[in-house]
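What you are looking at is a predicted structure, and each value in this text was computed from that prediction instead of being measured. Every chain is numbered from 1 and lettered A, B, ... according to where its sequence line falls, protein lines coming before strand lines. Hydrogens, waters and symmetry mates play no part in the numbers below; they use all other heavy atoms, side chains included.
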Amino acid sequence: MSLSREEFEKLTLLARLELTEDEKKILFPQVDAIISYVSKLSELNLKDVEPYSYAASSSLNPGDDKPSPSLSIDDVMRNAPERKDAFFKCPRVIKDTSS
Amino acid sequence: MPEGHKGYLILNTINKGIQDLVVMMINGDISCRELISSSLNRIDAMEEKIGAFLTLRREEALKEAESIDNLPVKSKLNMKLPGIPIAIKDNISTMGIETTCASKILKGYIPPYDATVIERLKESGAIIIGKANMDEFAMGSSTENSAFKLTHNPWDLKRSPGGSSGGSTAAVAAGMVPISLGSDTGGSVKQPAAFCGVTGLRPTYGRISRYGLIAFASSMDQIGPIAKSVSDCALLFSAISGFDERDSTSANIEPFDNNKIDTLPVLRIGVPKEYFGKGLDSDVSKEVQGAINILEGEGNEIKEIQLPHTEYGIETYYLIANAEASSNLARFDSIRYGLRKGGEDLLDLYNKTRGSGFGLEVKRRILLGTYALSAGYYDAYYGQAQRARTKISEDFKESFKEVDVIIGPTTPTPAFILGEKVNDPLSMYLNDIYTIPSNLAGLPAVSIPCGLTSDNLPVGLQLIGKPFDEKRLFELALFLERALAFDSYRPAI
């Protein structure tokens with residue numbers, strides 16, 4: 001067992017995933033088993049090995065810093081679950097603690 | 001439909017190569033509208049059995065076909081894929097066409113822009129027939145993780161087409177479209193191409209722009225072309241490859257030119273002994289070995305090589321890919337697009353939306369990735385995996401000092417039966433044991449069919465190349481395709 005039930009619950013919170021009890025019954029042992037499986041990597045002595053940083057090509061292309069047209073606000077907002085004018089609407093972020 | 005009727009002729013165009021189709025259109029033997037109709041007719045006849053598509057564009061595709069028909073011949077000759085129908089995996093953004101990643105969380109999402117590959121396809125004259133089914137967010141090897149439907153393998157409807165690009169490969173194998181696009185992170189083009197008996201390329205990392213590809217694991221994701229034949233795959237690749245300044249990992253080198261594919265030079269070909277060990281199906285081994293024997297008979301030097309860190313590939317991949325996925329999928333917060341559930345406060349909104357919008361495999365992977373990146377575990381898991389990735393990459397670098405191309409099976413087994421592995425994630429992950437290592441190293445690889453098992457299922461072999469050496473892969477693949485005459489086999493549907 002690599003993962004305690006408590007750690008699993010904490011993971012679901014960190015990952016922002018509300019799970020049903022049925023899902024927890026399936027996922028807890030599976031995630032635990034996968035963690036045990038991938039732990040095999042610890043048997044490799046890689047102390048002096050540089051972590052991999054970038055695939056095949058040798059340089060990144062940051063691109064030129066030049067202005068170009070953006071998408072229209074309506075096009076961007078069309079998929080919003082809720083909107084008000086040109087704003088995305090969501091629950092209050094900062095709670096009112098004055099009362 | 002009676003033989004001799006023009007419709008009959010068109011129905012048979014399904015099995016023709018793109019160059020032939022273009023010549024037929026230019027000569028006036030068929031119109032583009034007729035070609036698109038024949039593709040739609042084939043889809044109508046097959047889709048209930050196969051389940052390759054999530055979205056179809058009947059009216060729009062026919063309308064676009066008319067525009068192609070109205071172009072002067074000169075304009076069509078300047079296009080690489082004039083009027084050719086194509087299926088697009090549903091994780092590639094298509095302006096104005098629903099793009100769901102086969103997830104409930106993106107149901108109804110209409111991208112306001114095109115991915116770079118879609119822009120290039122439009123410039124090439126290709127016509128998007130529809131969006132293809134896939135494993136949710138490209139996480140899976142069987143397409144069973146789609147939130148919307150199952151896709152069946154045209155060679156045996158009880159079996160999986162592979163995944164995650166299973167809709168794209170099944171659509172080509174069933175003759176619904178001649179070409180399609182998939183995406184490949186751990187083997188999601190190569191593995192389903194092998195299962196469905198079609199050609200699929202996973203290009204060098206950076207060779208095709210990722211702009212507009214909905215991200216799963218950004219350091220490995222690549223869009224890949226799928227086709228019935230090697231030359232069609234190369235032609236599609238030439239239409240979409242090349243530098244794109246909107247993708248900062250795009251490689252600034254010459255686009256691939258399919259007209260520069262030469263006849264096969266004598267090569268040094270490496271056979272990794274780790275790819276022929278325990279777990280390899282005997283029929284798969286036999287067919288791949290048969291292809292190697294043909295190459296040897298042609299005077300190529302066949303050399304056994306070692307890729308000693310192969311056995312750590314799956315662990316390395318699942319740590320890195322899922323760590324990246326847990327970060328990439330944080331964007332699905334229900335604020336700007338996608339499903340919205342709950343909403344007492346922001347935390348409630350995130351938890352409920354993501355809890356009900358993602359499927360089990362996606363949740364499993366996000367949880368593993370979150371674990372690998374969390375305080376106290378980061379170095380032991382994610383850090384260790386990045387160091388192991390360096391070793392895996394060095395294995396290939398060492399081998400490529402001695403050989404030009406590496407050959408081996410694409411998958412350890414042929415297509416498995418639907419439902420067989422879906423509840424056992426670790427056994428599903430083992431499917432990708434031969435496709436993952438070269439992906440971790442950013443290398444190009446093409447999977448082509450090389451024979452049939454005793455159960456009449458296609459066997460795929462993969463050719464892995466040096467960075468940006470797709471040309472050589474296509475040359476070798478084209479030679480093998482002719483030598484093995486696989487195109488004479490068709491699924492019996």
Side-chain angles (χ1 to χ4, degrees), chain A residues 2-3 7-8 10-20 23 26-28 30-31 33-35 37-44 46-64 71-72 74-83 88-93 95, chain B residues 109-110 112-113 204-206 219-220 243 245-246 248-252 312 315-316 318-319 326 334-340 343-347 349-352 354-355 358 360 363-364 366-368 370-371 374 380-381 383-391 393 425-426 441-443 467-468:
Chain A
S2 317
L3 189 70
E7 279 179 307
F8 179 76
K10 193 179 158 204
L11 271 186
T12 65
L13 180 66
L14 286 172
R16 302 286 186 263
L17 288 172
E18 188 175 282
L19 303 180
T20 64
E23 285 178 320
I26 299 168
L27 288 173
F28 173 48
Q30 284 180 343
V31 172
I34 296 170
I35 291 170
Y37 180 81
V38 297
S39 297
K40 182 181 163 200
L41 273 191
S42 64
E43 71 187 39
L44 280 174
L46 302 174
K47 217 166 46 145
D48 301 321
V49 177
E50 279 289 307
Y52 191 85
S53 55
Y54 187 59
S57 173
S58 58
S59 62
L60 286 165
N61 296 293
D64 294 331
L71 295 167
S72 81
D74 268 341
D75 282 344
V76 173
M77 304 292 294
R78 198 162 290 137
N79 287 294
E82 265 191 277
R83 66 181 280 194
F88 296 106
K89 204 172 160 191
C90 69
R92 181 183 291 272
V93 176
K95 284 190 179 141
Chain B
Y109 171 69
I110 313 273
Y113 65 93
T204 311
Y205 185 79
S219 77
M220 274 172 278
F243 179 62
E245 64 173 17
R246 292 177 296 187
S248 66
T249 58
S250 171
N252 198 350
Y312 299 100
E315 293 84 343
T316 303
Y318 278 93
L319 282 165
S326 76
S334 89
I335 305 294
R336 292 149 299 155
Y337 41 71
L339 182 78
R340 177 173 284 197
E344 274 176 37
D345 54 30
L346 265 185
L347 187 63
L349 187 79
Y350 298 151
N351 282 336
K352 287 207 166 72
R354 294 162 60 81
F358 291 135
L360 271 186
K363 286 173 179 166
R364 213 160 19 229
I366 291 175
L367 289 169
L368 181 70
T370 305
Y371 181 84
S374 59
Y381 288 94
Q384 182 76 352
Q386 288 290 25
R387 288 186 286 272
R389 189 177 183 184
T390 299
K391 298 299 285 182
S393 177
L426 282 171
L443 300 171
F468 305 107

Considering only heavy atoms and a distance below 4.5 Å, find which of [options] pairs most often with chain B.
options: A:Val93, A:Ile34, A:Thr12, A:Leu19; value: A:Ile34
options: A:Pro51, A:Ser42, A:Ala33; value: A:Pro51
options: A:Glu23, A:Lys89, A:Arg83, A:Arg92; value: A:Glu23

Heavy-atom distance under 4.5 Å to chain B: side chain of [X], backbone, both or neither?
X: A:Lys10; result: neither
X: A:Ser72; result: neither
X: A:Leu46; result: both
X: A:Gln30; result: side chain
X: A:Leu71; result: side chain

Let me know if [X] has heavy atoms under 4.5 Å from chain A in its side chain, its backbone, both or neither.
X: B:Leu349; result: side chain
X: B:Leu426; result: side chain
X: B:Ser326; result: neither
X: B:Ala388; result: both

Polar side-chain atom of B:Arg354 near backbone of A:Arg16 as donor-acceptor pair, under 3.5 Å: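 It does hold such a pair.
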Short side-chain to backbone donor-acceptor contact, B:Thr370 and A:Leu11, under 3.5 Å: no
[Y] and [X], any side-chain heavy atoms less than 4.5 Å apart:
X: B:Lys391; Y: A:Leu44; result: no
X: B:Arg336; Y: A:Asn79; result: no
X: A:Arg78; Y: B:Ile110; result: no
X: A:Leu14; Y: B:Tyr371; result: no
X: A:Ser39; Y: B:Tyr381; result: yes

Looking at [X] and [Y], what are the two nearest heavy atoms and their distance?
X: B:Lys363; Y: A:Leu27; value: CB-CD1, 4.0 Å
X: B:Ala385; Y: A:Leu41; value: CA-CD1, 3.8 Å
X: B:Ile335; Y: A:Pro81; value: O-CD, 3.4 Å
X: B:Gly343; Y: A:Pro91; value: O-CG, 3.6 Å

Spacing of A:Lys40 atom NZ and B:Gln384 atom CD [to the nearest 0.5 Å]: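 Taking NZ in A:Lys40 and CD in B:Gln384, the distance rounds to 12.5 Å.
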A:Glu50 atom CD: more than 12 heavy-atom contacts under 6.0 Å: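 No - once you tally the heavy atoms of other residues, nucleotides and ligands closer than 6.0 Å, there are 12 at most.
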Greatest number of heavy atom pairs closer than 4.5 Å to chain A - which of B:Phe358, B:Tyr350, B:Tyr337: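 Of the options given, most contacts go to B:Tyr337.
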